[in-house]
Each structure stands twice: as C-alpha cells, then as structure tokens.
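Presented below is the structure to which this report refers.
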Amino acid sequence: SLEASRTEQIISRFAGRAASIELAEEGVAVHRGDPVVRFDASEAEQSLRKAEHSRDMAATELEALETATLPIERQEMETAALDARSAWESERQFLDDSRPLVNQGLVSDAEIRQLESKVAALDARRTQAESRLGLTTGTLHRARVEKARSVVDDARRQCEFAAAQV
C-alpha cells in the first residue's frame with residue numbers, strides 16, 4: 001500500500017460551511033503555497049455585499065441625522081421656545097399695564113386674576129419649551145449621534161470580517 005511520507009493539516013479561513021469546487025488531483029506533489037483546494041466563495045461574497053450595503057446605509061443615516069434631522073429639530077424647538085417666551089412676555093406686560101387700571105375701575109380684580117393665571121400658564125409653557133430644548137440638544141441629540149456612529153462602526157467591522165472571508 002502507498003502512504004504519504006508526510007501529512008499536513010489544511011485549515012480554512014471561512015466561517016461556516018465551505019463547499020469545495022476544485023481539489024488538487026490525488027497523487028500530485030504539492031509544495032508549500034501551492035493551492036490544493038479552491039472553495040466556493042459565493043456565500044461569503046454575498047455576505048460581503050450585504051455588509052457593505054448595511055455599512056453604506058448606516059453611514060447615510062448618520063449623515064442625514066447630523067446634517068438634516070437634528071438641525072431641523074433644534075431649529076423647531078428654538079422657534080417654539082422663542083414663541084413661548086414672546087407670548088409670556090407679551091401677556092406679562094399686558095398684566096403689568098392692567099394692574100393700575102383696577103384703581104380706576106377700568107379692570108376688575110377677577111380680570112387681573114384671570115390674566116395672572118394666563119401669565120402663569122404661559123410661563124410654564126415657556127419653561128417647558130426651554131427645558132425641552134436644553135435637554136434634547138444637550139443630551140438626547142448627542143446620544144442619538146453616538147448610537148448612529150456605533151451602528152456605523154459595527155457595520156464597518158462586519159464588512160472587514162466579511163471581506164476576510166472572501
């Protein structure tokens with residue numbers, strides 16, 4: 001019987017199932033570095049294409065978040081906060097102007113209390129709008145960007161892993 005003088009272990013870099021599509025003929029002498037088997041890389045190539053697509057989509061979403069979504073949200077919240085402040089200041093000024101008219105009998109105490117309630121409600125609305133603006137732009141927007149960057153980084157790592165499989 002015929003036996004090889006030496007045997008070597010061949011290890012694949014593929015993760016998962018690998019199908020051989022070409023194998024060196026039996027009995028042919030091979031040297032270090034000679035290809036002895038060729039695997040079907042179509043699944044790995046498909047995984048790479050999917051990973052690249054995911055990476056590109058994640059990068060696009062991050063860019064849209066940073067250049068459009070968050071600036072628009074910030075602008076809308078700034079406008080809401082300014083509108084709330086303006087309404088509060090206007091109504092507060094009207095209340096201040098109305099107080100002296102009570103002594104002249106032109107405005108009643110009930111009307112002053114009504115104006116005070118309205119000013120208090122507008123002040124609460126102003127405070128809420130300013131607080132929302134500060135928290136959203138100071139914390140939530142930053143967290144959303146960090147999360148989107150993490151998704152991009154993960155997608156890049158998946159691409160590198162998939163590329164190594166091909």
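Both backbone and side-chain heavy atoms feed into the values below; hydrogens, waters and symmetry mates do not.
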Just how far is it from atom CG of Asp153 to atom CD of Gln158, taken to the nearest 0.5 Å?
12.0 Å

Regarding Asp97 and Gln93, is there a side-chain donor-to-acceptor distance under 3.5 Å anywhere?
yes

Measure across Ala129 and Ala81 and return the closest heavy-atom pair with its distance rounded to 0.1 Å.
CB-CA, 3.7 Å

Quick one: closest heavy-atom pair of Ala58 and Val151, and the distance?
CB-CG1, 3.7 Å

Given Thr137, which partner from the list Leu133, Leu140, Thr139 fulfils the side chain to side chain contact (heavy atoms under 4.5 Å, CB included) test?
Leu133

Are there more than 12 heavy atoms of other residues, nucleotides or ligands under 6.0 Å from atom CD of Glu45?
yes

Is any side-chain heavy atom of His141 less than 4.5 Å from a side-chain heavy atom of Glu73?
yes

Of Arg92, Glu91, Arg113, the one forming a side chain to side chain contact (heavy atoms under 4.5 Å, CB included) with Lys118 is Glu91

Closest non-hydrogen atom pair between Arg126 and Ala84, with its separation:
CA-CB, 3.6 Å

Within 6.0 angstrom of Glu89 CD, more than 12 heavy atoms from elsewhere:
yes

Test your reading of the model: is there a side-chain donor-acceptor pair from Ser90 to the backbone of Ser86, 3.5 Å cut-off?
no

Met57 and Val152: same hydrophobic cluster, using ILVMFWY side-chain contacts below 4.5 Å?
no

Note, Thr69 side chain near Arg144 side chain (heavy atom, < 4.5 Å)
yes

Find out whether the Lys NZ or Arg CZ of Arg85 is both under 6.0 angstrom from the six-membered ring centre of Trp88 and within 45° of the ring's axis.
no

Whether over 12 other heavy atoms sit under 6.0 Å from Glu63 CD:
no

Measuring from Lys147:NZ to Leu62:CG, what's the distance to the nearest 0.5 Å?
13.0 Å

Minimum heavy-atom separation for Glu66 and Val145, please, with both atom names.
OE2-CG1, 3.6 Å

Within a reach of under 6.0 Å around CD of Glu111, are more than 12 heavy atoms found that belong to other residues, nucleotides or ligands?
yes

Is there a donor-acceptor pair under 3.5 Å between the side chain of Thr136 and the backbone N or O of Arg132?
yes

To the nearest 0.5 Å, what is the distance between CZ on Arg149 and CG on Leu65?
9.5 Å

Gap separating the CD atom of Glu116 from the OG atom of Ser98, nearest 0.5 angstrom:
10.5 Å

Interatomic spacing from CZ in Arg156 to CG in Asp56 - rounded to 0.5 Å
9.5 Å

Ala163 and Leu48 have their tightest heavy-atom pair at N-CD1, 3.7 Å

Distance in Å, Arg55 CZ paired with Cys159 SG, rounded so as to fall on 0.5 Å steps
4.0 Å

Within one Ile-Leu-Val-Met-Phe-Trp-Tyr cluster: Leu101 and Val119, side-chain cutoff 4.5 Å:
yes

If two hydrophobic side chains count as joined below 4.5 Å and joins carry through other members, does Met77 share a cluster with Leu70?
no

